[in-house]
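Letters go in sequence order (proteins before strands), and every chain restarts at 1.
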Number of protein chains: 2
Amino acid sequence: MTGMPQYPELDTPCAVVDLDIVDRNIESYQAYCDKHGIGLRPHIKTHKIPAFAAQQMKAGAIGITCQKIGEAEVMADAGLDDILLTYNVLGERKLARLRALFDRIKSLRVVADNAVVVEGLSRAFADSAKPLEILIECDTGGGRCGVQNPAEAVELAKKIQSLPGVKFIGLMTYPATGGGAKVEAFFTSAMKELDAIGLECPVRSSGGTPDMWLAHEVPSVTEHRIGTYIYNDRSLMARGVCKEDDCALRVLTEIVSLPTPGRAIIDAGSKVLTSDLLGLDGYGYVVGHPDVAVKALSEEHGILHFDPATKPFEIGQRIEIIPNHVCVVSNMLDQVHLVRNGDIETVDVAARGCVL
Amino acid sequence: MTGMPQYPELDTPCAVVDLDIVDRNIESYQAYCDKHGIGLRPHIKTHKIPAFAAQQMKAGAIGITCQKIGEAEVMADAGLDDILLTYNVLGERKLARLRALFDRIKSLRVVADNAVVVEGLSRAFADSAKPLEILIECDTGGGRCGVQNPAEAVELAKKIQSLPGVKFIGLMTYPATGGGAKVEAFFTSAMKELDAIGLECPVRSSGGTPDMWLAHEVPSVTEHRIGTYIYNDRSLMARGVCKEDDCALRVLTEIVSLPTPGRAIIDAGSKVLTSDLLGLDGYGYVVGHPDVAVKALSEEHGILHFDPATKPFEIGQRIEIIPNHVCVVSNMLDQVHLVRNGDIETVDVAARGCVL
């Protein structure tokens, strides 16, 4: 596409992140949360970069969300000191790491959805000066983790309150898209039952980028966890949640072969774009070429299909692809390139690959 | 499953690699290639570990295959000195790296499927004491890179021979599964046309694990490139190429939640198992539990579905999963754990993430 930056300084495939778009995405959703009195707790899984987490905090976030202890450790090392770990932590070594992290930052909370996890947490924090605060994960239709109904939430809250070292602090859910009403029904019902037995439930945490602009329609929620909004991606474009100009991360890739009319091969495959489809056709959106399909990926090759009567590409030409699912792309790359006004800064994706 | 190793020394999710199975896989395919007079050139993309490449060489391989220069550099640093790089190399920086690698190892060959790539290679090697040997990549039905017919191959071979610093050495293809007859037709036709103009074509390279046991039915082929056979995976089990006992790499993962009858949540998601389906249902095979489906993955969670009347799992229990596509799993992990007779050795996946 004429005029598209070609970044001759960079080798392909790689990811470029437009900092002006990042700024706008952070600021606009912070403004929305501020307006509606919702605490914004960004999920670092999308960027995995401490500097972006710090920028989110500076903009007004109440804390950050991590999924794995390894991610939280990376963020804590960089000074992020209010972390919600939305994962059932099990096992003595992981519990010891959790405790060590808890002891060195201002606030670390976790979630749990079953008694085995709660008992492990209690053992690890039994001698802690301040208790570990636990949110109970609730399945409000997402079909992943979570207690299945308010009665189970109340039972688990009572269990937490009966054990040393831990304290029940609230409810957490990762809802299905469009599931706001179910969240509200679950949370308000559980809050009523908890109140009836004298248990306070000050934190009600929901999340997700697809329904980000509908968060205010779930009044019981006190905080919203959201990751993808900082970069956005093709799946959110397809849902109408963002526009192409809101997509901050693009995969820069080069045409390496034009074997036959209607087909081009790029040097970005599943090792960069991943096989995540998220219900879409094809593996990304080719910027400036809405009619070109990213038809298939092997590990190091992407196969573009287009009208054989057209010649949109030359060998060596660079194109940008907005990935289907940007969070998983971040996880494929040791580094990304931050761009603003023609300047490029290369930074490590510090929390990449932290699955433990 | 009773009796399955639980590896209490390891944290989950992770990958364990059974070295006895690795040995058997390497030896049995080397024996097949030796019997049929086929040069075996293993593709390191599956393991990305220099020690395994060295083991493949020691067993009798004629050299190794890499896809990207970064992978080849890692292997060369470890002493692997006969490498075929099956990729169109473009761009001055990559060409300079290719030249530097060429100058320090015994043999480095590349492929090309178009004149732009060939001209770049010639520029980078014009002053080389010995020429860079190039194989022409041929599309024999795979629909990825490659010249489209023998006439195009001959044209490109003539182009190579007309340029300084480069030498035409043969033909290369990555065929479609079941495409042996097409490879044979393409190669023999191209060889005849090349012979007619006095061009020697000593190397004819094909590849792929799915048809690994049919390689001898393509007599024109002098070398076979193959990656997955060292570990094997669920896709090859489904094709009947290997059995469960031939699968050397398993993802060790833990049940972290049992939210409802018929559903269990594991701590391995797409950040370990990846979203590669390879035409299969579900995201892996749960060892010992053929009726359990790995129904869905998010980044850090896997969702298992099973008969709600059964209770196959407990929270904290460990299971092993044979992934759909093992090569991409290797690429997700900084380290893997090699096991033999109860001993565990943890090694770096040294060429992980080398997309440049």
Side-chain angles (χ1 to χ4, degrees), chain A residues 11-14 45 67-68 86-91 93-94 113-117 120 137 139 143-148 174 254-260 263 265 267-272 274-277 296 298-301 303 314-316 325 327-328 331-334 352-356, chain B residues 11-14 45 67-68 87-91 93-94 113-117 120 137 139 143-148 174 254-260 263 265 267-272 274-277 295-296 298-301 303 314-316 325 327-328 331-334 352-356:
Chain A
D11 287 325
T12 60
C14 64
K45 77 187 183 105
Q67 200 85 310
K68 291 291 179 92
T86 49
Y87 213 84
N88 280 339
V89 177
L90 280 166
R93 279 184 303 271
K94 286 180 184 166
D113 77 350
N114 65 75
V116 176
V117 167
E137 181 161 3
D139 182 357
R144 202 169 66 183
C145 290
V147 297
Q148 293 298 297
Y174 185 72
E254 207 162 77
I255 308 291
V256 294
S257 178
L258 291 170
T260 188
R263 191 202 317 162
I265 311 300
D267 62 6
S270 68
K271 276 175 66 177
V272 176
T274 85
S275 298
D276 274 26
L277 284 169
S298 46
E299 283 148 77
E300 305 287 5
H301 299 86
I303 301 178
E314 292 173 11
I315 290 170
H325 186 190
C327 313
V328 294
N331 190 54
M332 305 308 281
L333 300 164
D334 292 337
R352 182 207 59 74
C354 295
V355 293
L356 297 179
Chain B
D11 287 325
T12 60
C14 64
K45 76 185 183 110
Q67 201 86 310
K68 292 290 179 91
Y87 213 84
N88 281 337
V89 177
L90 279 166
R93 277 184 305 271
K94 285 180 186 166
D113 77 349
N114 65 75
V116 175
V117 167
E137 181 161 2
D139 182 356
R144 201 168 68 182
C145 290
V147 297
Q148 293 297 296
Y174 185 72
E254 208 163 78
I255 308 291
V256 295
S257 179
L258 291 170
T260 188
R263 191 202 317 161
I265 311 299
D267 62 6
S270 68
K271 277 175 66 177
V272 176
T274 85
S275 297
D276 275 25
L277 284 169
K295 189 70 180 174
S298 45
E299 283 146 76
E300 305 286 6
H301 299 86
I303 302 178
E314 291 174 10
I315 290 170
H325 186 190
C327 313
V328 294
N331 190 54
M332 306 307 282
L333 301 163
D334 292 337
R352 183 207 58 76
C354 294
V355 293
L356 296 180

Exercise. With a 4.5 angstrom heavy-atom cut-off, could you sort out which part of Asp11(B) is near chain A: side chain, backbone, both or neither?
Key: both

Quiz prompt | 4.5 Å side-chain heavy-atom contact, Glu299(A) and Asn331(B) | solution = no

Quiz prompt | Residue among Gly143(B), Ser270(B), Ala268(B), Gly91(B) with most heavy-atom pairs under 4.5 Å to chain A | solution = Gly143(B)

Quiz item: Out of Glu314(A), Lys68(A), Met332(A), which one racks up the most heavy-atom pairs below 4.5 Å with chain B?
Solution: Lys68(A)

Quiz item: Do you know the tightest heavy-atom contact between Arg144(A) and Ile265(B)?
Solution: O-CD1, 3.5 Å

Self-check item: Contact summary for Cys354(A) and Lys271(B), nearest pair of heavy atoms
Solution: O-NZ, 3.6 Å

Quiz item: Top residue by heavy-atom pair count (under 4.5 Å) with chain B, among Val147(A), Val256(A), Val117(A)?
Solution: Val256(A)

Self-check item: Heavy-atom check, side chain of Val355(B) versus side chain of Glu300(A), under 4.5 Å
Solution: yes

Self-check item: Considering all heavy atoms, the nearest Gly146(B)-Pro259(A) contact
Solution: O-CB, 3.5 Å

Quiz prompt | Separation between OG of Ser257(A) and CD of Glu137(B), rounded to the nearest 0.5 Å | solution = 7.5 Å

Exercise. In sequence, state the C-alpha distance, the side-chain angles, and the governing distance for Leu90(A) and Ile315(B), and then conclude on side-chain contact (heavy atoms from CB on, under 4.5 Å).
Key: CA-CA 9 Å; Leu90(A) 280 166; Ile315(B) 290 170; 3.9 Å; yes

Quiz prompt | Sidechain-backbone polar pair: Asn88(A) side chain, Ile255(B) backbone, donor-acceptor under 3.5 Å | solution = no

Quiz item: Heavy-atom distance under 4.5 Å to chain A: side chain of Thr274(B), backbone, both or neither?
Solution: neither

Self-check item: Portion of Asp276(B) that has a non-hydrogen atom of chain A nearer than 4.5 angstrom
Solution: both

Quiz item: Rounded to the nearest 0.5 Å, how far does CG of Asp267(B) lie from CD of Gln67(A)?
Solution: 11.5 Å

